[in-house]
Amino acid sequence: MRNIFLLSFFLMPFLLFSQESLQPLGSNFSLFEIQSSKRTQSIEDFDFIYLTDTLSLPIIDDFSTNKFKVYKTDTSSSNISDSLWKYLFYLDGSLVPLTTSYMSSPTFRYVFDSVSSNGIDSLIMLTFQNEPDTLIVNNLSFYPITKDTIILWPNSTIVDSLWTSSSPDTTFSSISSDYQQDSISLYFAYPEMDDLDKIWLDNDVFLNDNYPKNPWTLGVATFDGLNSSGKPYDWTTGSTDWSDQLTSKPIFLGLKDNSDSLYFSFFFQAGGYGESPDSDDSLILEFYNPSNDQWNTIWSTNGFDSDQWYYEHILLDSSKYFQDGFRFRFNSYGSLNGSLDHWNLDYVYLNQSRSLYDTLMQDWAFTTPPLSMLENYSSVPWKHFKNTNSDILLKSAIIPTYNSSDNPKLLQPCSMDLFYQDALQSSFPYSASVLNIPELSYFDMLYDFGSTFELNTSLSDTFVDFTYRFYLSTNTNPERLSVNDTILHHQTFQNYYSYDDGSAEAAYGLIGNGVELAYRFSILDGIGTDTLRSIKIHFSPSVNDASNDPFFLQIWDDSLGNPGSLIYTTDDFDFPELYYPEYNSGLNGFFEYELPSLVAVSDTFYVGWKQTSSSRLNIGFDKNVNRKLDIFYNLGSGFQNTIFDGSLMMRPVFVSPMDNVVNYPELYNKEVNISFFPNPADDLVQISNMDVNQLEIFDLNGRLVTNLDMVYENSFKVKNLLNGIYFVKFKIKNGDIHVKKLIVHHH
């Protein structure tokens, strides 16, 4: 009976208003693993106070590297000192005992007696106010901790019916006192060497290459409605307020004055590949006056829609800013419930000896990293690449650059270097077709590797990762901008096909019960037939949550360039298998949906789903890679191409030798629970369960990097492992095997 119900439900007629749509993101999975939080003055019972260094001029950031302060919470670090702060003191400096409490309002002593007069009892009662104490009270809610001298009364009420003050009838305390002894442990984190080149104190904005259009250099800082962890500030629909903030460290300006001609400049873009801010949204710049602890608005703009970059050039001409401890910050105002109302910021620059006409960056830089070193795909299975007859490896690469100076740039020697596991494999010098790069213009750098260029396919690793390093040599001015002269691209080969670059800029969805989405892939020539084991999908919530809306996975063959007959569907009459959107979970934000059985495919095939509700399922949509001709949807009258430029974040996964490592269930025996901490880890990792006999650690290429005997051990070290993601395989005493992911991140 249940099967008949399912079938009748899932074959309901299509809605008349079925359609496809593209909407802003509700979160940003790229930030989910970043635990550095924005620091505020407010502190808890156990907290860190992060001390910062003071910067000297010049201050410049083109956001091609990470210059955001990292907030560590390891109390054993050498740069950490601790202190214990108490709440209440007497005026002589001695501590108020833990058993003593006080009230902010007067407390009293009641004295009464009953006397006989004229044969009638009378009650005589006098009220005395208790003697107050003068105490020193530390404010433990904020740092720096301040103290006040306050008059308080003992938290006691005395009742004396015998007129004997030395032995009153009753003494009792209030149910809840206003003041009682408390303490707080503070850990002071002093700046370390790797912190000295950082500029920014908070981590709200998103450092990325994906949202800017026509950038002048690598990387931008993007403001939106998501916090530093990539989640909405406020989940309430329609909520607006101040959101992202970008604050500089203190700066030495005490010895400067108007004669030093200090100018502050920056470039900004409204929207880019994100959502353009509305007219009631805004971006503002504020300067800090240390003498009165005040932030002053210096510049602001309301939202608008444009792909252009705009430049602001501001003279510091007020003596109130020529102080040590001067800071500046940007604030955005807009929606708080998603990746909405975007502003892109670039080339923030503060320096002396500038002029009104000093409006050019005088820089020549890469602007956009390459998306892939393969034809058509961003990644293919390594076993397919090794055995294909087709040559999909790019023999050249075009990397765009921009000369933001008013003079031509001399094209000096530069190259592309290829690395595998940090070992140089080959180097290809750049062959210049021109001698100079024209001023204020884009220039495409063509790196030609030659027709015989190949990757080493004799590598026995299951998964491999090659690093391409592109380099251009240039004399850079202003200071500290040489980092945008180098690009690293990691060309990964694992067990899946992909078009996307791993970053979603929007959420794509279909509206309608029973609608189908199909994504076209073609197996490389010469491979023949291979077996699908799963489909990786990145779902990203937008304005609606569809995590409770089930769907079926489906696979089609090809019919004249369109989805043809169904090869496989989990919409099975006898054993239907339903799946649900898993938002921003799994490795790199992709959740792997295992197929109930392995499916053989060949040549061109299509993977996708059939919906069982009219809700949008919100798959991540990459606007930087356009594969619209491979995206098909069926509203009930046949498949047609999407109207949107971009690619779906969906990847078909093939069987591989890594399956016997990563495919173990995390909790095969529910009675045995394995966990470890911290994760991400820097040095020592603690294991929660003492029943582990042995553990093995594999990298993403399937290589065994660590094999440890864990008898009588409940911890292991990862200090010698490189930063990255690993699989930890636990062997339990009862014979069970458990596999969990471990992130290694050395600060």
Side-chain angles (χ1 to χ4, degrees), residues 32-36 46 70 72-80 187 382 420-423 459-465 492-495 533-534 536 582 585-592 594 653 655-747:
F32 272 30
E33 297 298 332
I34 299 177
Q35 300 302 319
S36 301
F46 173 94
V70 175
K72 302 179 183 179
T73 57
D74 182 3
T75 59
S76 64
S77 296
S78 60
N79 69 314
I80 303 294
Y187 289 85
W382 177 238
Y420 178 68
Q421 295 183 357
D422 296 327
L459 297 171
S460 59
D461 292 337
T462 306
F463 298 162
V464 300
D465 182 36
T492 299
F493 298 89
Q494 294 191 19
N495 58 353
R533 60 181 297 270
S534 61
K536 289 185 175 183
E582 298 282 349
S585 60
L587 181 61
N588 297 326
F590 283 85
F591 188 84
E592 188 165 350
E594 300 283 344
V653 181
V655 295
S656 77
M658 272 294 285
D659 295 346
N660 63 350
V661 175
V662 300
N663 220 25
Y664 286 111
E666 289 197 356
L667 291 176
Y668 180 78
N669 183 349
K670 294 185 182 296
E671 296 179 356
V672 179
N673 189 2
I674 299 292
S675 63
F676 52 80
F677 61 92
N679 190 13
D682 179 54
D683 186 7
L684 189 67
V685 179
Q686 300 285 341
I687 304 175
S688 66
N689 194 299
M690 287 294 293
D691 293 327
V692 178
N693 267 342
Q694 187 180 26
L695 70 79
E696 298 173 336
I697 302 178
F698 297 84
D699 64 15
L700 288 182
N701 295 323
R703 292 187 298 267
L704 178 66
V705 296
T706 300
N707 188 348
L708 297 174
D709 184 357
M710 297 301 294
V711 178
Y712 308 118
E713 298 289 339
N714 65 347
S715 65
F716 61 96
K717 289 193 173 185
V718 296
K719 190 173 184 179
N720 294 326
L721 297 182
L722 299 175
N723 285 351
I725 299 175
Y726 297 84
F727 293 105
V728 183
K729 181 177 177 181
F730 296 94
K731 296 183 178 179
I732 313 302
K733 292 179 181 178
N734 64 3
D736 286 350
I737 293 177
H738 301 260
V739 175
K740 286 183 173 290
K741 295 185 182 71
L742 169 67
I743 300 174
V744 176
H745 181 64
H746 303 295
H747 299 289

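No experiment lies behind these values; they were computed from the predicted model shown.
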*Rounded to the nearest 0.5 Å, how far does CD of Gln694 lie from NZ of Lys731?*
4.5 Å

*Kindly indicate whether the side chain of Ile697, heavy atoms from C-beta on, has any atom under 4.5 Å from the side chain of Phe716.*
yes

*Should Val692 and Ile732 count as side-chain neighbours, where that means a heavy-atom distance under 4.5 Å?*
yes

*Heavy-atom closest pair, residues Pro678 and Leu684*: CD-O, 3.5 Å

*With a 4.5 Å limit on heavy-atom distance, are the side chains of Tyr726 and Lys741 in contact?*
no

*Neighbour count above 12 (heavy atom, 6.0 Å) for Asp422 CG*: no

_As an exercise, state the distance from CD of Glu582 to CZ of Phe591, rounded to the nearest 0.5 Å._
4.5 Å

*Return the orientation label for the Phe676 and Phe730 ring planes: parallel under 30°, perpendicular over 60°, tilted otherwise.*
tilted

*Supply the atom-to-atom distance Ser656 OG to Gln494 CD, rounded to the nearest 0.5 angstrom.*
9.0 Å

*Search all heavy atoms of Asp682 against all heavy atoms of His745 and return the closest pair with its distance.*
OD1-O, 3.6 Å

*Shortest non-hydrogen separation from Asp465 to Tyr420 and the atoms involved*: O-CD1, 3.4 Å

*Flag the pair Thr492 / Phe463 as yes when at least one side-chain heavy-atom distance between them is below 4.5 Å, and no otherwise.*
no

*Closest non-hydrogen atom pair between Leu459 and Trp382, with its separation*: O-NE1, 3.6 Å

_Reported CG-to-CG distance for the pair Leu721 and Asp683, which is rounded to 0.5 angstrom_ = 10.5 Å

*Positive for side-chain contact (heavy atoms from CB on, under 4.5 Å) with Val718, one of Leu742, Ile743, Thr706*: Leu742

*Partner residues of Asp709 under the side chain to side chain donor-acceptor pair (under 3.5 Å) criterion, sequence neighbours left out*: none

*Taking all non-hydrogen atoms of both residues, which atom of Met710 and which atom of Ser715 are closest, and how far apart?*
CE-O, 3.4 Å

*Could you walk me through whether Asp461 and Gln421 pass the side chain to side chain contact (heavy atoms under 4.5 Å, CB included) test, one step at a time?*
CA-CA 12 Å; Asp461 292 337; Gln421 295 183 357; 3.6 Å; yes

*Counting only N and O atoms by type, is there a donor-acceptor contact under 3.5 Å from the side chain of Asn679 to the main-chain atoms of Val685?*
no

*Report the distance from atom CD of Glu713 to atom CG of Leu695, rounding to the nearest 0.5 Å.*
10.0 Å

